[in-house]
Amino acid sequence: MLPPKDLFMNIAPIPAFSDNYIWMLERDGRVAVVDPGDANPVLAVLTERGVTLDTIIITHHHFDHTGGVKTLKAATNCRVVGPDNPKIEGIDEKLVDGDVAHVLGYDFDVLEVPGHTLDHIALHCADESVLFCGDTLFVGGCGRVFEGTFPMMQDSLAKLAALPPETAVYCTHEYTLANLAFARKVEPQNEHLLAHIEACEQMRTEGLATVPSTIGQELRINPFLRWQSPAIIGQLKQEGRHTGDSPPDVFAAVRGWKDEG
Ligand code: ZN
Ligand code: FE
């Protein structure tokens, strides 16, 4: 995998639970964190690095993304930005599609990406080619469609797929190897995919995060973005899962297949 081009933002993962990454963006002694499901590992890093928590970014209401908000806000008096959803306690600045969120002097375009949940948003910093996408797009996969519909999720993923290929994709979970194992069932001959499986297995052996990916890389390997792939359509036919060639049809067939496994 090629590293994201021109990546100047200082971003590091704070591991939480079994497979969450709380992404920390640092600038001049101040930090922002994305989806702090647990306050403790964040507080530990703040102390260890001697930095101040400026902003919490929330992508959607699930507890593994919001569980640390109350404690962190009480401890640091930071600001919280996130979806316009009353279910999420402590949001100071509600973000809707088309908004620009200012975080540590960076501008993030807000994209509404419903599907996994109805309130899900993603934040894209075009100047730095960085995307925080929560549980919508994963490396080699996508979030389960809990609250929305398959066509809604496909539409949301299409928004992300349309971002510049060099965009670094920071998702919340280290699900990569399981996702890629499924991707291989869907597209067994995809050489980019096979190479990425090898690279990610090596990274995991070394204890490294396989995140971020890039939009360009996901377009080559991720079966949930490859609606146009004749190989995937062929495989769906072979599996008796083909219901049509349109992007929503292909997406729904692939997502339904994954949900069975
Ligand atoms: Zn979630
Ligand atoms: Fe999650």
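The model shown is predicted, which means the values in this text are computed figures rather than measured ones. Just so you know, ligand 1 is whichever comes first in the structure, and atom 1 is the first atom listed for that ligand.
- Taken to the nearest 0.5 Å, the CD atom of Q235 stands 5.0 Å off from the CH2 atom of W257.
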Kindly determine whether E239 and K185 satisfy salt bridge (charged side-chain N to carboxylate O under 4.0 Å, His left out), including the steps that lead there. CA-CA 10 Å; E239 297 278 331; K185 286 206 277 181; over 6 Å; no

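- Protein atoms of type N/O/S that fall under 2.8 Å from the Fe ion (ligand 2) number 4 in this view.
- Aromatic ring pairs are classed by plane angle as parallel below 30°, tilted from 30° to 60° and perpendicular above 60°; the pair H60 and H62 is perpendicular.
- Applying the 6.0 Å contact sphere to CG of D259 captures more than 12 heavy atoms from other residues, nucleotides or ligands.
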Please walk me through it: do D119 and H61 pass side-chain hydrogen bond (donor to acceptor under 3.5 Å, both in side chains)? CA-CA 7 Å; D119 67 351; H61 69 86; 4.6 Å; no

Verdict with supporting geometry, R79 and T55, side-chain hydrogen bond (donor to acceptor under 3.5 Å, both in side chains): CA-CA 5 Å; R79 145 184 102 126; T55 303; 3.3 Å; yes

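- Here 4 is the count of protein N, O or S atoms positioned under 2.8 Å from the Zn ion (ligand 1), waters not counted.
- Distance check, rounded to the nearest 0.5 Å: CD1 of I121 to NZ of K94 gives 11.5 Å.
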E198 and Q202: CA distance, side-chain angles, deciding distance, side-chain hydrogen bond (donor to acceptor under 3.5 Å, both in side chains) verdict: CA-CA 6 Å; E198 225 173 275; Q202 184 61 34; over 6 Å; no

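- We find the CD-CZ distance between Q154 and R255 to be 13.5 Å, quoted to the nearest 0.5 Å.
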